[in-house]
Every structure is written in structure tokens, then in C-alpha cells.
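Everything on this sheet refers to the single structure shown next.
Note that these values count all heavy atoms, side chains included, but never hydrogens, waters or copies made by symmetry. Since we're looking at a predicted model, the values are computed, not measured.
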Amino acid sequence: MFKRHPQSLTDVLHQLLREQGLETPLREKRLIDAWEKVTGATVARYTGEKFIRNQTLHVKITSPALRHDLSMMRSQLVKRLNAEIGAMVIADVRIY
């Protein structure tokens, strides 16, 4: 007879993602997708390319005035984006 160790499906999926090394890329994708929700539709309209490299979110903003405003709010953006995901994914935001 065999022993059963029941686990929730959520726990099994989290364990599988961690073992396969997919947890971090999934969180990074969720954070990039959360940009519009955190910053709003107006900022999203002026947002171009977004990517994460070395725990830094790089965002291209087409409006110089908005680029300056967002650069001044970098620490707030980091906190809000990480809070939206529920994990420490990025440590900095670079606006260019």
C-alpha cells in the first residue's frame, strides 16, 4: 500500500515552476504587463519598449515631460510595481 501526500494544485504548480527555473521569468512578465495598470492609460499611451535586465525595468517614454516626471517617481514606481506582483522582482526603473 502506498502513502498519499495530498497537496493543493497551487502548491504543486509553484514547486514545479521553481524547479524548472520559470518562476522569475513569469514574475517579470507579470510585472511588465502590470505597467499600464500601475501607471494608468495616459502614461501607457506614451510608453514604448519595456524590458527587465539585472533587476532593472527599462522603459522607453516618448514624451520628454512625462519622462522627467516618471524619473522623479522611480522609487515609488518600484514599490508599486513590486506590490502589484506581490514579490520583489525589480530594484530600479530606468526611464529613457
What's the separation between atom CZ in R94 and atom CG in N54, rounded to the nearest 0.5 Å?
11.0 Å
Value for CZ (R53) from CD1 (I90), rounded to nearest 0.5 Å, stands at 14.5 Å
Between CG of L81 and OG1 of T39, what distance do you get to the nearest 0.5 Å?
8.0 Å
Can you get from I52 to V43 by hopping between Ile, Leu, Val, Met, Phe, Trp and Tyr side chains that sit under 4.5 Å apart?
yes
Can you list every salt bridge (Lys or Arg N to Asp or Glu O under 4.0 Å) pair that touches residues 14-25, not counting sequence neighbours?
R18-E23, E23-R27
With sequence neighbours left out, write down each residue that passes side-chain contact (heavy atoms from CB on, under 4.5 Å) with L16, or none if nothing qualifies.
Q20
Only counting residues at least two apart or in another chain, list the ones meeting side chain to side chain donor-acceptor pair (under 3.5 Å) with D11.
S8
Step by step, work out the side chain to side chain contact (heavy atoms under 4.5 Å, CB included) result for V93 and T56.
CA-CA 5 Å; V93 175; T56 301; over 6 Å; no
How would you list, by chain and number, every residue that makes a side-chain contact (heavy atoms from CB on, under 4.5 Å) with Q7, sequence neighbours excluded?
V12, Q15
Kindly compute the distance separating CD (E36) from OG1 (T42), expressed to the nearest 0.5 Å.
10.0 Å
Only pairs at least two apart or in different chains count here, so list each ring pair (Phe, Tyr, Trp, His ring centres under 6.0 Å) that has a residue in residues 5-44.
none
For F51, what residues pass the ring-ring contact (aromatic ring centres under 6.0 Å, His included) criterion, not counting sequence neighbours?
H58
Which other residues belong to the hydrophobic cluster containing L9, where Ile, Leu, Val, Met, Phe, Trp and Tyr are joined when side-chain heavy atoms lie under 4.5 Å apart, directly or via other members?
L13
Across all chains, not counting sequence neighbours, the salt bridge (Lys or Arg N to Asp or Glu O under 4.0 Å) partners of K50 are none
Partners passing side chain to side chain donor-acceptor pair (under 3.5 Å) against T10 (at least two apart in sequence or in another chain):
none
Shortest non-hydrogen contact from Q55 to V89?
CG-O, 3.8 Å
Residues forming a salt bridge (Lys or Arg N to Asp or Glu O under 4.0 Å) with R30, sequence neighbours excluded:
none
Using the side-chain hydrogen bond (donor to acceptor under 3.5 Å, both in side chains) rule, collect all pairs that involve residues 59-86, keeping only residues at least two apart or in two chains.
K37-E84, R74-D92
Contact between L57 and L31 at the side-chain level, heavy atoms closer than 4.5 Å - yes or no?
yes
